[in-house]
Amino acid sequence: MERGLVHACAWIVKRDLLLLWRHRAEAANPVLFFFVIALIFPLSLGPEPQMLQSVGPGVIWIAALLATLLSLEAVFRSDLEDGSLEQLLLSPHPLTLLVMAKILSHWLTAGLPLLLLAPILGLQFGIAGYTLGVLLLTLILGTPALSLMGAIGVALTAGLRAAGILATLLLLPLYVPILIFATGATAAANRGLAWGPQLYMLGALLMLAITLAPLAAAAALRIRNS
Amino acid sequence: MSGNTVSEFFSMGGSGFYVWSAYGVAAVVMLGLLGSSLAWHRRLTGQLRNKSRRSASAPPVALDKTGGDWP
Amino acid sequence: MQQLLAPKNFYLWSGRWLRPVAWATGLCTLTGLYWGLVVAPPDYQQGDSYRIMFVHVPSAWMSLFVYAVMAGAGAVALVWRIKVAEVVASASAPIGAAFTALALMTGSLWGKPMWGTWWVWDARLTSELLLLFLYLGYMALEQAIEDRRTATRAAAVLALVGAVDLPIIHYSVEWWHTLHQAPTVTRFGAPAIHGSMLAPLLVMALAFFGYYVSLLLVRARCELLERERTNPWVGEVCRGIP
Amino acid sequence: MTSTLSTIERASMMPYAASPTLEARDLCCRRGDRLLLTRLSFTLARGEILQITGANGVGKTTLLRVIASLMQPESGTLHWRGQLLEKVRSAYLRDLSYVGHADGVKGSLSVAENLTLASALHGGGIPINAALQRLGLGDLADTLTHRLSAGQRRRLALARLLVNQACLWLLDEPFTALDKPAIKTVASMLEEHAARGGLVIFTSHHSTDITISRALHLEDQREWNGD
């Protein structure tokens, strides 16, 4: 009996979550990495609350970006090594949507935890209340975009030597707009200015990423696997 | 002629250093890339010139062990 | 046009056209240089330091143009699997990177006399820097994959994603620049172009374009030889035309 | 939603829809800058088993990956049910089941979970437990796959063939790491599939006691690659 596409995607997400559950210890890595990056900045830049408050949003965003990249690289590499990526390529269901399911499962395992723990970091940097709310809004819109764009870079470099560094180099220019509008919105909120337009732009970038990124990542996987 | 003497031309109104280093950098980068590309081409043609004629145009490979010929 | 796409025909055709294009470029460069450095009057505001513009602006234009050619050729290579398009895309990358690096270096050399610092987080310079990273990413990806065809096709995907993202990058950097506007108004870019300065600029731009085309033909022929090395025509051509 | 199988096809589990034939015309495959195959043509019809033999590195796996549409041939075309492969790609993928060198199973998932995922990606065949029983993995359903031996993992990969409705089976060295009884089960599985009108292409070094209908021996090209 033909199982629908939704069933296949649901199972991909279920499988990835199951795999993560079986390796619970490893699941914490992106989050720990997130904290370590955020911790280094106050230690190196000094504890003045005024400065930390202005630097805070940028630091949290950089930490989120690097944590996403770190965990994303593993997503395709393990599938490539044990051959399940081939099965994904040869499934009759459209590869783009299967890749989107994989990206969703990555966001659930890496992006969502960062989102939930960002408030704690916010306190460390003296970001609270209104600004923290805006920061969370930017993270809600931004972290999926990070996962989506990251999937292209990781699909292109899966299995290559120093794939992580190469993927980061490829993704730097693609991540700049997301970073600029996200930190811009938070900085504006911090100074009581209007932060709406930046958030609209971030939303637009997310929509663009949702439509184009899985397509590009699927093409990249097909090419790299041939 | 903008600068009447040659030395005035090279001084470029005091910012000669920047103007000439800009043009120098441009020359170095562009001529360097051109030179390396031409060298690459020369090396390749030299390397491939003595390639022997026998190469990939081999006959079809399919041999049917069970005797039947391919349709 | 159809059989021009056959590797061997493209190799021979480009061989014939290489010298005339190179000579035209040389001529164009000499006239541009003479016109820009000697004939054009000094600028009332910047004096003679503005002459860096005749190198900076064309290389900035070419850095974007070459990226467009690279992305376009990459798209053709991806969709129709035409080997010549692959070769044009992967031959263009280093040239584009050179133009971008050149634009950045000459830009900072021009910035020093004007603002006293080597680097200014100006919107145009910043997006040029990000363009350089796009080029470096393209070339790094292409070097990392062994099989030449897969490497070029994978890099073509990156070039297309980069092409879609480039206007976004530029817009976000522009917006970011105006947000963090330094107090002094730093209006970067060519001074109000006076006729006597525009003409040499266009000639130099044409010269840079000619340089790109001739260098592209040279590098494309090399890439073609590398990729078709097992085909018989390569041996004959190398013997035929030394 | 993707176009699900028409009810007629689903109802008539066996035999498969009309005339599933695979045809290759003047296939040329390349790996790196070595041309592996030149002008290879063959036709495989319903109920036929094709064995591809040849020394290591001669291009058996590359040919299989080209047939599975994972790789593009240098030149030449593949036709499925008389139509060019590119045009009927999603239908071809529904009719195809590929077991490559890598088993394509997740070590930290249980045997049953792996197979359930496989049937979610490409289902329509017999239920999971029946497939496991057939391959003698019935009592291992809940053990984690990384605890299995290489032979058992290989059988799990081959069980994938049964959980979907593919009529064209492409197997890359299916018998590696299998013991005598396992080879026998797999061999009978292939013959049953052919008897039902399916097609099988598999690569193998050693001769097996399967009654193959076609054989294709690949010669080493031994061509000069110039450097």
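Throughout, protein chains are lettered first and strands after them, A, B, ... in sequence-line order, and every chain is numbered starting at 1.
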When only pairs under 4.5 Å are counted, which of B:L34, B:L33, B:V29 shares the most heavy-atom pairs with chain C?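 Result: the option with the highest number of such pairs is B:L33.
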
Angle between ring planes, B:H41 versus C:Y11, binned at 30° and 60°: parallel, tilted or perpendicular?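 The rings of B:H41 and C:Y11 lie parallel, inter-plane angle below 30°.
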
Is [X] in contact with chain B via its backbone, its side chain, both, or neither, using a 4.5 Å heavy-atom distance?
X	answer
C:F99	side chain
C:L225	both
C:I95	both

Hydrogens and angles aside, do C:S90 and C:R227 bring a side-chain donor and acceptor to less than 3.5 Å of each other?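 There is such a pair (donor and acceptor under 3.5 Å, judged by atom type) between the side chains of C:S90 and C:R227.
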
Please determine, by modelled atom types, if B:Y23 and C:T106 share a side-chain donor-acceptor pair under 3.5 angstrom.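 No, no side-chain donor-acceptor pair sits under 3.5 Å.
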
C:T152 and side-chain hydrogen bond (donor to acceptor under 3.5 Å, both in side chains): which single residue from C:K83, C:E142, C:E223 fits?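 Running side-chain hydrogen bond (donor to acceptor under 3.5 Å, both in side chains) over C:K83, C:E142, C:E223 with C:T152 returns exactly one hit, C:E142.
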
